[in-house]
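Have a look at the structure below before the remarks.
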There are 4 protein chains.
Amino acid sequence: MTMTKQQVVQAFRMQSIRDAASRVVSQHGVGGATIDAIAAEAGIAKGTIYLYFKSREELLESAADHAVTELMAQVAGVLESNEPFDVQLRRFFRTVLAYFDEHRDFFRLYQAACKEEECRSRRYTEYFKRIRAWVKRAMEADEVRRLDVDRVALVLSESLGAVIQRRQLDAPPPVDADTEWLASLFLDGLMPKKGKI
Amino acid sequence: MTMTKQQVVQAFRMQSIRDAASRVVSQHGVGGATIDAIAAEAGIAKGTIYLYFKSREELLESAADHAVTELMAQVAGVLESNEPFDVQLRRFFRTVLAYFDEHRDFFRLYQAACKEEECRSRRYTEYFKRIRAWVKRAMEADEVRRLDVDRVALVLSESLGAVIQRRQLDAPPPVDADTEWLASLFLDGLMPKKGKI
Amino acid sequence: MTMTKQQVVQAFRMQSIRDAASRVVSQHGVGGATIDAIAAEAGIAKGTIYLYFKSREELLESAADHAVTELMAQVAGVLESNEPFDVQLRRFFRTVLAYFDEHRDFFRLYQAACKEEECRSRRYTEYFKRIRAWVKRAMEADEVRRLDVDRVALVLSESLGAVIQRRQLDAPPPVDADTEWLASLFLDGLMPKKGKI
Amino acid sequence: MTMTKQQVVQAFRMQSIRDAASRVVSQHGVGGATIDAIAAEAGIAKGTIYLYFKSREELLESAADHAVTELMAQVAGVLESNEPFDVQLRRFFRTVLAYFDEHRDFFRLYQAACKEEECRSRRYTEYFKRIRAWVKRAMEADEVRRLDVDRVALVLSESLGAVIQRRQLDAPPPVDADTEWLASLFLDGLMPKKGKI
DNA sequence: CATGAATGAGGCTTCATTCAT
DNA sequence: TATGAATGAAGCCTCATTCAT
């Protein structure tokens with residue numbers, strides 16, 4: 001795991017370019033994320049980008065990959081803990097919401113870059129699988145009703161995504177508010193709790 | 001409201017161009033929806049498009065608007081009926097899923113065209129407002145738990161969108177299956193129904 | 001063989017672009033024949049070139065092809081006549097030299113474009129085959145000594161090429177002088193004609 | 001003429017770079033002979049090349065120059081011997097053909113680098129002058145028919161060049177075969193030897 | 001001396017838009 | 001109205017050259 005100074009510098013540079021790309025995308029959309037704009041944002045020359053990435057496409061893909069990876073690292077601990085599902089669900093929502101409050105760039109980058117073509121690949125798949133596995137475990141432990149695992153995982157993550165995106169407009173409520181609200185909706189549903197005395 | 005023959009022809013022509021745009025987008029993505037391709041698909045000359053739409057952007061926006069409008073017309077009846085919420089919710093899901101099963105073109109058009117820039121504007125806002133109003137009414141009638149109306153409407157529509165998108169891959173289950181499943185999730189939540197003797 | 005007016009215009013435009021390309025190459029070399037320069041020389045916009053040729057490479061190839069074809073048309077009559085070989089040889093040399101005196105652009109275009117890669121293809125091959133066939137016929141008729149047909153054809157055409165190229169520098173002697181000289185060399189060789197009392 | 005150790009090292013380094021350039025050109029053409037590729041082939045850093053050559057152009061020119069010089073050194077002995085012209089001609093052809101069989105890299109480098117711009121300069125001129133002088137001497141000694149000296153020298157060297165190039169495709173016949181054949185053509189011409197009793 | 005990361009001019013190509021017919 | 005040839009701005013990418021280490 002020891003890296004030469006070279007490798008450290010290279011890694012650093014690559015990340016700074018990815019960050020610049022992410023920022024540009026978040027401000028101008030994927031279509032507006034030209035190499036010129038990204039280079040300007042990164043404060044380097046156009047050509048320099050090609051020392052680190054083979055093409056614009058590879059750069060955007062890499063930026064998305066890295067963002068998902070970073071998020072995953074933060075989410076992993078939560079999903080693999082031994083707490084009850086409802087506690088985990090709250091922590092999961094809170095973690096992701098907080099991540100995006102700090103990286104509000106990302107969502108659009110990720111979504112837009114991946115809507116077209118077969119993107120959304122590798123990393124996101126891993127991310128999604130992790131959520132799916134977590135839901136599955138909860139179902140098997142009867143902590144959660146048995147429903148289509150894939151669809152539940154999908155709806156959970158996409159609903160979260162939608163809330164995140166919405167938080168990017170106007171002044172969002174505190175993270176905890178959205179967290180609690182989402183958890184409540186998914187745990188108990190929309191129906192009034194008649195039967196719960 | 002009577003239209004001259006001229007206006008009828010014009011309206012017809014515009015819609016046929018929008019439809020062509022929609023088809024092209026669904027096949028080649030928004031990036032691949034060049035004016036050339038759209039004109040070819042519509043069987044007209046490139047220049048003709050500019051007789052009806054000011055720019056490519058306006059055309060795509062208009063196409064998305066119209067698609068949402070069409071969907072809205074179908075959804076409106078459901079949301080304004082006097083049935084109980086759970087029945088409405090099922091019909092709502094079913095209607096939208098069915099619409100997209102027949103117009104699977106649209107989703108990508110709509111999503112992609114609108115992620116960038118501040119699209120998603122006008123029409124979608126109306127569509128969303130209608131759902132929001134419906135949810136609000138249900139809450140006020142105590143058919144639904146009182147939660148943040150905006151967020152509930154958001155999560156409902158986005159979850160539906162996610163499922164729709166997922167349905168476009170592989171062989172989707174019947175509309176009714178996804179309908180029932182979504183309804184169950186949102187009505188009763190994820191927790192096992194212990195108390196429901 | 002009747003062409004629509006469209007086709008005529010298109011053919012004319014294509015040829016004018018080829019001609020511009022040929023001129024630019026002859027002045028600045030193949031490397032200097034940028035799309036910008038060719039468009040400027042043709043008096044049209046850069047993009048227009050792409051309405052008629054798929055890429056720079058295709059344009060240059062096409063230009064070379066057409067030049068060879070034109071030359072071939074002029075040479076064909078000579079080679080297929082029923083005159084004795086020495087007469088034909090003189091007419092052949094004269095025709096090609098004259099062609100290049102009027103199109104002195106071409107040689108460098110052709111040579112340079114084809115040195116790299118496997119160019120020199122199609123058309124030139126045809127041109128060469130014609131010469132080869134002619135030489136072969138002459139040999140079979142015992143008008144010419146039996147030597148390696150391929151090599152003879154090669155040396156004839158390349159020697160001619162060299163002389164053409166040389167003629168492009170300084171003030172060249174009249175076409176007839178070079179014609180006569182070449183014919184004499186190839187017909188009788190370098191040795192003094194001792195035996196020919 | 002004694003060189004300091006410095007100068008020796010410098011000369012050696014320059015030649016190794018020229019050789020690398022020559023190899024790269026022979027494999028990828030002049031267009032593909034980027035500074036990057038040449039440096040990699042030479043096993044040195046890009047910047048180092050600029051310590052020894054002012055620019056890419058100067059390097060390629062220098063490489064061509066040196067190759068011609070080397071060839072010239074081998075040809076010189078032949079052309080200045082006191083043997084009869086026909087013997088010399090055969091030895092000349094054989095020497096050049098053999099040189100290129102071992103350095104088939106060179107031809108394309110030389111041709112391509114020099115077609116553009118007014119290359120083909122200095123060294124080649126010397127090389128050519130030497131051949132010209134030799135032919136002239138032979139004419140003055142009545143070993144060769146009196147024809148335009150320049151054109152004869154030109155046709156001799158270019159014909160040889162053409163054969164060399166052709167030898168680079170497919171499996172070439174032995175050097176001696178082409179040597180003999182060329183000599184025969186140029187010595188005696190194409191006409192059947194009727195008069196030779 | 002040697003290095004190679006950084007630069008940026010310049011090339012190719014696409015495509016939204018215009019306009020003469 | 002309809003057409004589609006022409007335009008040219010703008011994007012992506014390459015690579016010769018420089019310069020701080």
Side-chain angles (χ1 to χ4, degrees), chain A residues 5-6 9-10 13-14 17 31-40 42-60, chain B residues 6 9-10 13 17 31-40 42-60, chain C residues 5-6 9-10 13-14 17 31-40 42-60, chain D residues 6 9-10 13 17 31-40 42-60:
Chain A
K5 191 177 154 195
Q6 288 261 339
V9 170
Q10 165 142 341
R13 205 52 106 105
M14 289 181 80
I17 294 174
T34 67
I35 290 291
D36 266 334
I38 295 171
I44 59 177
K46 235 186 321 187
T48 305
I49 290 177
Y50 289 89
L51 295 178
Y52 296 97
F53 299 94
K54 229 173 17 225
S55 67
R56 175 181 177 276
E57 193 178 329
E58 193 189 278
L59 164 56
L60 291 184
Chain B
Q6 287 243 344
V9 170
Q10 165 142 341
R13 198 51 91 91
I17 294 174
T34 65
I35 290 290
D36 265 327
I38 294 170
I44 61 175
K46 234 185 330 185
T48 305
I49 289 178
Y50 286 88
L51 296 178
Y52 297 96
F53 299 93
K54 215 164 44 206
S55 69
R56 176 181 177 272
E57 192 178 330
E58 191 188 281
L59 164 57
L60 291 184
Chain C
K5 191 178 158 196
Q6 288 262 339
V9 170
Q10 165 142 341
R13 206 49 106 100
M14 288 182 81
I17 294 174
T34 66
I35 290 290
D36 266 331
I38 295 170
I44 59 176
K46 237 185 321 187
T48 305
I49 290 177
Y50 288 88
L51 295 178
Y52 296 96
F53 299 94
K54 226 172 20 221
S55 67
R56 175 182 178 274
E57 192 178 329
E58 193 188 280
L59 164 56
L60 291 184
Chain D
Q6 287 244 344
V9 170
Q10 165 141 344
R13 197 52 91 90
I17 293 173
T34 64
I35 291 289
D36 265 328
I38 295 171
I44 60 175
K46 234 187 327 189
T48 305
I49 289 178
Y50 287 88
L51 295 177
Y52 296 97
F53 300 93
K54 215 163 44 205
S55 69
R56 176 182 178 274
E57 190 177 333
E58 192 188 280
L59 164 56
L60 291 184

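To find a chain, count down the sequence lines: A is the first, B the second, and so on, and within it residues start at 1. Quick note: numbers below take in every heavy atom, side chains included, and nothing from hydrogens, waters or symmetry partners.
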Nearest-angstrom distance from the residue atom [atom1] of [X] to [atom2] of [N]:
{"X": "C/L51", "N": "E/dT14", "atom1": "CG", "atom2": "C1'", "result": "11 Å"}
{"X": "C/I38", "N": "E/dG11", "atom1": "CD1", "atom2": "P", "result": "11 Å"}
{"X": "C/I49", "N": "E/dC12", "atom1": "CD1", "atom2": "P", "result": "9 Å"}
{"X": "B/Q10", "N": "F/dT1", "atom1": "CD", "atom2": "P", "result": "7 Å"}
{"X": "C/L59", "N": "E/dC12", "atom1": "CG", "atom2": "P", "result": "10 Å"}
{"X": "A/M14", "N": "E/dA6", "atom1": "CE", "atom2": "P", "result": "12 Å"}
{"X": "A/L60", "N": "F/dC12", "atom1": "CG", "atom2": "C1'", "result": "12 Å"}

Closest non-hydrogen atom pair between [X] and [Y], with its separation:
{"X": "C/I35", "Y": "C/I49", "value": "O-CD1, 4.0 Å"}
{"X": "D/A39", "Y": "D/A45", "value": "CB-C, 4.0 Å"}
{"X": "C/A37", "Y": "C/G32", "value": "CB-O, 4.1 Å"}

Would you say [X] places a side-chain N or O within less than 4.0 Å of OP1 or OP2 belonging to [N]?
{"X": "B/Q6", "N": "F/dT1", "result": "yes"}
{"X": "D/R13", "N": "E/dA2", "result": "yes"}
{"X": "B/Y52", "N": "F/dT1", "result": "no"}

Among all residues two or more places apart in sequence or in another chain, which pass the side-chain contact (heavy atoms from CB on, under 4.5 Å) test with A/Y52?
A/Q10, A/R13, A/M14, A/I17, A/T48
Which pairs count as salt bridge (charged side-chain N to carboxylate O under 4.0 Å, His left out) when at least one residue sits in residues 42-53 of chain B, sequence neighbours excluded?
B/D36-B/K46
Taking both distances under 3.5 Å as the test for a Watson-Crick or G-U pair, what stems of at least three pairs does DNA chain F have?
E:2-21 with F:2-21
Apply side chain to side chain contact (heavy atoms under 4.5 Å, CB included) to the pair D/F53 and D/L60, showing each step before the final yes or no.
CA-CA 9 Å; D/F53 300 93; D/L60 291 184; over 6 Å; no
Results of salt bridge (Lys or Arg N to Asp or Glu O under 4.0 Å) for B/K54 - residues two or more places apart only
B/E58
Please encode protein proximity along nucleotides 16-21 of chain F as a string of B, S and -, counting only heavy-atom distances under 4.0 Å.
SBB---
Residue closer to the 5' end of DNA chain F, C/A45 versus B/A45 (nearest nucleotide):
B/A45
